[in-house]
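Worksheet: the structure to be examined is printed underneath.
Here is how names work: the chains are called A, B, and so on, in the same order as the sequence lines, proteins then strands, and each is numbered from 1.
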There are 2 protein chains.
Amino acid sequence: MPTKTAAKKAPSKPAERSERTERADRPSGVVTLEQVAARAGVSPSTVSRILNGTATVSEVKRAAVDEAIRTLGFRPNPVARGLAGGRTMSIGVVTQRISSPFYGEALSGIEVALESAGYVPLFVSGNWNEADERKAIETLLSRRVDGVIVLAGRLDNKELAALSASVPMVVVGRQLAGERLFSFSFDNRAGARLATEHLISLGHRRIALLLGDLVHDDAIDRQSGYLDALAAANIPVDPELILQSDYTEAGGMLAVSRLMERDVAFSAIFSSNDQMAYGAILGLARRNLRVPDDVSIVGFDDLIMSRYTMPPLTTVRHAVYETGAQAASAMLALLQGEKPRVQLAAPELVMRESARRAVR
Amino acid sequence: MPTKTAAKKAPSKPAERSERTERADRPSGVVTLEQVAARAGVSPSTVSRILNGTATVSEVKRAAVDEAIRTLGFRPNPVARGLAGGRTMSIGVVTQRISSPFYGEALSGIEVALESAGYVPLFVSGNWNEADERKAIETLLSRRVDGVIVLAGRLDNKELAALSASVPMVVVGRQLAGERLFSFSFDNRAGARLATEHLISLGHRRIALLLGDLVHDDAIDRQSGYLDALAAANIPVDPELILQSDYTEAGGMLAVSRLMERDVAFSAIFSSNDQMAYGAILGLARRNLRVPDDVSIVGFDDLIMSRYTMPPLTTVRHAVYETGAQAASAMLALLQGEKPRVQLAAPELVMRESARRAVR
DNA sequence: TTGTAGGCGTTATCAT
DNA sequence: ATGATAACGCCTACAA
């Protein structure tokens, strides 16, 4: 290292400069498309074309540009792209609560599926309430996202369809159609029927049902599946056994309390989502009822945690992560002008230890 | 100034809005700053100034502009703002796995805290691996985020500090300093000590420890807390009782298996996070060991789910949501040029039902 | 205090 | 096929 003492008048700057220049060759700072063009000896437009595959370019120039991009470490600026009328390369995702174990899985799937295409998700929470949800979409639109994925939600179909006029949309958990709108949902009804039938096959006939908020289609469908199964087995429906709840652990626990207060007989519970089942198990324990010894219980969704509850939960596999990934793929297809097609797995019962044969 | 390009068709003024929007290429509610300026009879720069509080503006004009903004429903375009060198009004957040019950809570806190300031979070997952994390930050930077919040992660301090030269950063779960860099972390050591001391106070002396990956400071600190407690109680450390794991449910379950295979006596387990505790409870059950009858267990983090496990988990409250909110506030302060100051709650033991007095 | 002009990095529209 | 040259919507010197 050159000592300062000798550097009284000696220009120490040149040394510094050269050192910096040396480093500047590395792909560190902000490299613009224009710089790439300069290095490749072509016009910015050409670089842009190559980047977007907008037009055919001679092999020679393409190679030169590719080289320049690589050595310069150029990465197109999504912000500028967005402004120029191009895409922002970001997809808005309307979820309800980002920290929910259910939505979390879906978001994860979306993130991964989008990443490979260079898109970034913008997550906003609707907090299970219409106003927030509307505002969330508003935010997304002002951010000029290239598309919006809506997971469930409370906005009515008409509103969503209208929105799809300004952005391509993918709606999960609803059935609605439109030009730039695609929707799909898991077969909740079949899944719920599966769960209930399992309980019936184990000899249960007094099966309580824990319901989610019926403003949601999936909650309704799961109820239908339950009713289907009872009807098929000629088991009369007892309204006393049907509990309205909210898909949360606390709600599940509360529902069990209400059920017990009704003082009706039951030997099993179909909880229409896993989270309520967790609460229900605890609620039963509080009344000295063991699962599955005294009461059998089947959930719905097969969250990660369901393998680790005590006892591990028998439930319906929902493949939430995959659902998210499919939603993302569908959006990508939409953006490509293609017709999305999703291949969703059929509901499947995952037998663990929370349900057993009815005694007697 | 009619700088319209030589349009092929008649310049259709968007004054009349058609009810049946057939053209999906133009978002409907796009009002520009320029339009606001025109309506208010001022120049665009004046509007901009009012928006950003950049300069003092006469009350008359301000009122006119405010009115124009309101009636036109103008919302500044963050994309354009970002390009113009202004802020993008978005904050990058590096998490490890968006679907983790732990990180999910933190993200939720960040989202809410940021929202009130008009910022939007951009979540990217590092997947517990250095390369992905680096790439995640890369993505964030190319998106021109105004700041980056890093939750734990594997990047080394030096790298983070260097990064903070280009963006203000808030790092949670690390201790490092810098001009535009702020970090803070929960007192993991004290928390772990609390948990262990609780077990000791219940008469346990053979206490197993389930550890997270020691590349993370928090895992190390929690181990230290455990050791502190033992030392203070004059209980010798038995390496056989210390299990290296990974903070997952599966890892916790596996750790218990390994522990049992070692065939050493133990009456309690301090699991350094709740997720491992869930797995441990199941693992113990598989060996016919009941919690807390046969083995007491204390967790760490107090995730929502810990209230609903069987039995409900005694654990250390971590206030993850608040931590996220604090990180966001700190970032906001940094952006404001202020010095962030966080007020993190001290660790606190939450006594539930997974730990009880040791039988002898 | 307020307006004018230039620029941010890309894409799109013209010519050539 | 390729290159100028406008936009895109906003911010910010620089003027006035």
When you measure from the side chain of A/S45, which nucleotide among C/dG7, D/dG3, C/dT10 comes out closest? D/dG3

What is the distance, rounded to the nearest whole Å, between atom CZ of A/R81 and atom P of C/dT10? 8 Å

Closest approach to the side chain of A/K61, judged atom by atom: which nucleotide of D/dC10, D/dG3, C/dG9 is it? D/dG3

In whole Å, what is the span from the CE atom of A/M89 to the C1' atom of C/dG9? 16 Å

Just the rounded figure in Å: distance from C1' of C/dG3 to CG of B/L33. 13 Å

Measure CG/A/N77 against P/C/dC8 and give the value in whole Å, please. 12 Å

Nearest-neighbour nucleotide for the B/T32 side chain, C/dT2, D/dC10, C/dT13 considered: D/dC10

Between atom CD of B/E59 and atom CG of B/D66, what is the distance when rounded to the nearest 0.5 Å? 8.5 Å

Calculate the interatomic distance between A/D146 atom CG and C/dT10 atom P; express it in whole Å. 16 Å

One should read off an interatomic distance between A/S99 OG and B/L107 CG, to the nearest 0.5 angstrom, of 8.5 Å

Considering every strand and a 4.0 Å limit on heavy-atom distances, what is the contact class for A/V47: base, sugar-phosphate, or nothing? nothing

Contacts of type salt bridge (charged side-chain N to carboxylate O under 4.0 Å, His left out), residue B/R143, not counting sequence neighbours: none

N/O (side chain, A/S43) to phosphate O (OP1/OP2, D/dT2) under 4.0 Å: no

Is there a residue in residues 50-58 of chain A whose heavy atoms reach under 4.0 Å of DNA chain D, and which residues are they? A/T56, A/V57, A/S58

Nearest whole angstrom, please: distance from the P of C/dG9 to the CZ of B/R143. 16 Å

Check step by step if side chain to side chain donor-acceptor pair (under 3.5 Å) holds for B/R97 and B/S125. CA-CA 5 Å; B/R97 180 120 165 80; B/S125 297; over 6 Å; no

A/E130 side chain vs A/L155 backbone, donor-acceptor pair below 3.5 Å: no

Within the distance-only criterion (no hydrogens, no angle test), does the side chain of B/S164 pair as donor or acceptor with the backbone N or O of B/A161 below 3.5 angstrom? yes

Taking B/N157 for its side chain and B/L176 for its backbone only, find out whether a donor-acceptor pair lies under 3.5 Å. no

On DNA chain C, does the nearest nucleotide to B/A80 precede the nearest nucleotide to B/T46 from the 5' side, or the other way round? Give the residue. B/T46

Between B/E138 and B/R134, does any side-chain N to carboxylate O distance fall below 4.0 Å? no

Of A/P44 and B/P78, the one whose closest DNA chain D nucleotide lies more 5': A/P44

Hey, is B/E159 close enough to B/R154 for a salt bridge, meaning N to O under 4.0 Å? no

The side chain of A/R49 is closest to which nucleotide in this list: D/dT2, D/dC10, C/dT10? D/dT2

Less than 3.5 Å apart, any donor N or O on the side chain of B/T46 or B/S43 sitting next to an acceptor on the other? yes

How long is the line joining CG of A/L83 and P of D/dG9, in whole Å? 7 Å

Let me check the geometry of the helix from C/dT1-D/dA16 to C/dT16-D/dA1. What is the bend angle between the axes at its two ends, five pairs each, to 10°? 40°

Output the rounded distance in Å from CZ (B/R87) to P (C/dC8). 16 Å

